[in-house]
Number of protein chains: 2
Amino acid sequence: MDKPVKKPRTRIQKEKRELILEAGLEVFASHGFRGSTVDQIAEAAGMSKPNLLYYFNTKEEIFTTLIQRLMEAWLAPLREMDEAGDPATEIRSYIRRKIEMARDFPRESRLFANEILQGAPRIHHLLKGELKELVDEKAAVIRGWMRAGKLKKSDPHHFIFAIWATTQHYADFDVQVRAVLGPDKGGEGRFEDAARFLEGLFLGERLPGV
Amino acid sequence: MDKPVKKPRTRIQKEKRELILEAGLEVFASHGFRGSTVDQIAEAAGMSKPNLLYYFNTKEEIFTTLIQRLMEAWLAPLREMDEAGDPATEIRSYIRRKIEMARDFPRESRLFANEILQGAPRIHHLLKGELKELVDEKAAVIRGWMRAGKLKKSDPHHFIFAIWATTQHYADFDVQVRAVLGPDKGGEGRFEDAARFLEGLFLGERLPGV
DNA sequence: TTAACGTTTGTCCAAACGGTCAAAAAATTG
DNA sequence: CAATTTTTTGACCGTTTGGACAAACGTTAA
């Protein structure tokens, strides 16, 4: 006889569940699922543990709720890539959007990275399903652009992977990036620098004759 | 009165410590530090928990020993980048080496990624010290190549970050890569495909006039 | 043989953990 | 107001965890 999954009914429930999810994001992102305790999340949300468990039946329920939402937000930029648009512009704004997400939602990125690193036990089906479908579709679009000579020919799947890897790097490996860049180059401008560099990498032309 | 850190003295100690480190790598890489238990590591190493704790005083000692060793192996490819060599060749073999490491030592890569993701509490000083020094040195080399017109001009630090991000992606996000590529494209050839793609990305010339 | 030393294990412990529950407190409704 | 429902909490429970420890076992060498 399982307890039913809590659906928010009252105003308080909506608010408190949001509060808990925000706290969960903070805690999960910095310690991973196993490394986070319900007590930590409760404290971050400013309530007692039993109180928290009144809104979410289990620790896992908080986590899965978070990651489900996250996937949507995470795929949105790729979804917006428009076949009818100008290829260079489309790629450029995709990179921009991804870098902005790394800058503005690093916790979400880290939470996601954490899950994948551990073998994605909770979202494996989403990767093989929804994600693969979307990527295959957009890879076909990119391949079309390449065939039309609008983009240098290469493997579209690995092209997408490379954009993911480089942009998310600035969220997931932020400590390392800042440590290496140092206080001067590692300031707030690092995301702008990264965006410019990545545009050049993925779109820029090379020196002629080299 | 702390117990002294165990230094291997006998032949058995050397062997068993290696066995434990191998087991620890396996377990830590798939569950993270907090997610791994001493019992799991002991079982993976084929011994009892108290026996394991005879060779390493604490769980943390296993972890730090692993990560210390790892840093060395991890930086080696960058160290080998030779200012006197041909720029394109040097970059190409750096990428090759990094992709090979992602293919042959994915557990090491994941262990490292896990540590950075959690804020690198145990190796922050190494990042700001040894790592930064090395990267600054090699960034200067790359900048020299760029100034000499041997490489397209861009930010050398971000250039290195991009190589790290893209190559390690194939180890750290392996589940995702395989899920998206599917059974056909996601086979063993994916690393070779990745290497070719990345060489083109970092070194290839673009279509003229685009 | 025996003393010394290195190795292994069963047993135990205190703390931390996820989660339960009854009952109090607060808010809502009639 | 009183009745009802929702929200909050202190106390508690069973389990897991990292680690301690003494006793047993194995090996070597005087």
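Quick note: numbers below take in every heavy atom, side chains included, and nothing from hydrogens, waters or symmetry partners.
- Straight-line distance from the NZ atom of A/Lys14 to the P atom of D/dT6: 15 Å, rounded to whole Å.
- The distance from atom CD of B/Gln40 to atom P of D/dT17 is 7 Å, rounded to the nearest whole Å.
- Nearer to the 5' terminus of DNA chain D, by closest-nucleotide assignment, is the contact made by A/Met47 (compared with the other of A/Met47 and B/Lys59).
- Regarding A/Tyr54, its OH atom lies at a distance of 5 Å from the C1' atom of D/dT7, rounded to whole Å.
- Of the candidates A/Leu151, A/Asp155, A/Val141, A/Leu151 is the only one forming a side-chain contact (heavy atoms from CB on, under 4.5 Å) with A/Met146.
- Between B/Arg107 and B/Glu22 the shortest side-chain heavy-atom distance falls below 4.5 Å.
- Under the 30°/60° scheme for interplanar angles, the aromatic rings of A/Phe197 and B/Phe159 are found to stand perpendicular.
- Here the P atom of nucleotide D/dG26 and the CD atom of B/Gln13 are 19 Å apart, to the nearest Å.
- Between B/Pro50 and B/Arg34, the residue anchored closer to the 5' end of DNA chain C is B/Pro50, taking for each the nucleotide with the nearest heavy atom.
- Rounded to an integer number of Å, the gap from B/Asn51 CG to D/dA23 P is 19 Å.
- The nearest whole Å value for the distance from the CZ atom in A/Phe63 to the P atom in C/dG18 is 14 Å.
- Between B/Glu199 and B/Arg96, at least one side-chain N (NZ, or NE/NH1/NH2) sits under 4.0 Å from a carboxylate O, which counts as a salt bridge.
- Atom NZ in B/Lys16 sits about 9 Å away from atom P in C/dT7, given to the nearest Å.
- As judged by a 4.0 angstrom heavy-atom cut-off over every strand, A/Lys49 is placed among the base-contacting residues.
- Following rounding to the nearest Å, A/Asp39 (CG) and D/dT9 (P) show an atom-to-atom distance of 13 Å.
- If you find the closest nucleotide of DNA chain D to A/Leu52 and to B/Val38, the one lying nearer the 5' end belongs to A/Leu52.
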